[in-house]
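See below for the structure under consideration.
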Amino acid sequence: MDLGIAGRSALVCASSKGLGLACAASLAREGVAVTMTARGKDALEAAAQQIREATGATVITVVGDITTPQGRALALAACPSPDILVTNAGGPKPGDFREWSRDDWIAAVDANMLTPIELIKATVDGMMARGFGRVVNITSGAVKAPIDILGLSNGARSGLTGFVAGLARSTVARNVTINNLLPGPFETDRLFATAAAAARSTGKTADQILAARRAANPAGRFGTPAEFGDACAWLCSAQAGFVTGQNLLMDGGAYPGTF
Ligand code: NAP
């Protein structure tokens, strides 16, 4: 299916690796000019070059921390009027809520709630004026099925989810949709780092931890970043203009509920 977005522009945040990178790659393959961001320059440049060579798409890179006003200003200066916005940033640290200070909470809310809201605020009116816009927020399956040690993520991302639910109904008549993509376990650096940390604290090997997690998933495996990127590209497609305010969970069926 031709997704009907060739020639559009996208700002894909936190995209030198993992799920953000996969979204940038899938959009570029559809002929979208992509602006990619990350804090680390080398990985970002390497990822951008790989996408250019694979797709021939225009790829611009912006080095900066997207959770800071300066990082967002740099990203928006490079891509001031995106047709497509994919928000993403690293997830908050795990732990026990008794150990988290107000500063920990503010950092999580800043990164995983206010950063996407600020980026939407800077771009959504232009999208509505032009009659096309697609916003996809990378959140987490933890929004639907909270994970106890990820309380900072559960809380901050749920705030974003509530905000998006309201806003998404007020933009869709101008062909601007806003949706959230909720990853379960995907094969990224983050997932392998989490397994390595669990291995250190349990005495098991990282391979044992990963094998147990794969076996516990109804699909018997982890998701691949390419699957995630392609779902993002579809949510950004011309055909997806009647889908807004939704939370698309990609977890291999791990969430056990009917709805
Ligand atoms: P990842 O493989 O660690 O990649 C994270 C990417 O984001 C890197 O390119 C990183 O580059 C960039 N980044 C991180 N913080 C940034 C910041 N403040 N400003 C700009 N760029 C930043 O992570 P991932 O697995 O793709 O996860 C992406 C998001 O999905 C995270 O919020 C994570 O919590 C969530 N998630 C992932 C899974 C999973 O299974 N993978 C499951 C649930 C939720 P730099 O470090 O160079 O900045």
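All ligand and atom numbering here is 1-based and tracks the order in the structure. Predicted model only: the values in this text are computed from it and were never measured.
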Atom 2 (O) of ligand 1 [closest protein heavy-atom partner, distance rounded to 0.1 Å]
T188 CB, 3.5 Å
Can you tell me which residue and heavy atom of the protein come closest to atom 31 (C) of ligand 1, and the distance to 0.1 Å?
A89 O, 3.2 Å
To check your reading of the model: name the closest protein heavy atom to atom 8 (C) of ligand 1, its residue, and the distance in Å.
S16 OG, 3.6 Å
Just to be sure I read this right, does ligand 1 sit under 4.0 Å from the backbone of N88, its side chain, both, or neither, counting only heavy atoms?
side chain
Looking only at protein heavy atoms, which one is nearest to atom 47 (O) of ligand 1, and what is the separation?
G40 N, 2.8 Å
Ranked by distance from atom 27 (O) of ligand 1, the top protein heavy atom is R190 CD, 4.0 Å
Work out whether the distance between some heavy atom of P185 and some atom of ligand 1 is less than 4.0 Å.
yes
Using a strict cut-off of 4.0 Å, indicate which atoms of ligand 1 neighbour a heavy atom of R157.
31 (C), 32 (O), 33 (C), 34 (O), 35 (C)
Atom 43 (C) of ligand 1 sits nearest the protein heavy atom P183 O, 3.3 Å
Salt-bridge test for D104 and K93: reply yes if a basic N is under 4.0 Å from a carboxylate O, no otherwise.
yes
Contact region, T139 to ligand 1, non-hydrogen atoms below 4.0 Å, reads backbone
Which atoms of ligand 1 are found less than 4.0 Å from any heavy atom of S140?
43 (C), 44 (C)
Measure the shortest side-chain to side-chain distance between N137 and I120 over non-hydrogen atoms and say whether it is less than 4.5 angstrom.
yes
Among non-hydrogen protein atoms, atom 40 (O) of ligand 1 lies closest to F186 N, 2.8 Å
Sub-4.0 Å heavy-atom approach of G184 to ligand 1:
yes
Using a 4.0 Å cutoff against the non-hydrogen atoms of G18, which atoms of ligand 1 qualify?
2 (O), 26 (O)
Is it true that, when you exclude Q50 itself, more than 12 heavy atoms of the residues, nucleotides or ligands shown sit nearer than 6.0 Å to its CD?
no
For G64, the ligand 1 atoms whose distance to one of its heavy atoms is below 4.0 Å
19 (N), 20 (C)
Can you check whether a protein heavy atom sits less than 4.0 angstrom from atom 12 (C) of ligand 1?
yes
Tell me the contacting part of A14 for ligand 1: side chain, backbone, both, or neither, using a 4.0 Å heavy-atom threshold, strictly below.
both
Could you check whether atom CG of D42 has more than 12 heavy atoms from other residues, nucleotides or ligands sitting under 6.0 Å from it?
no
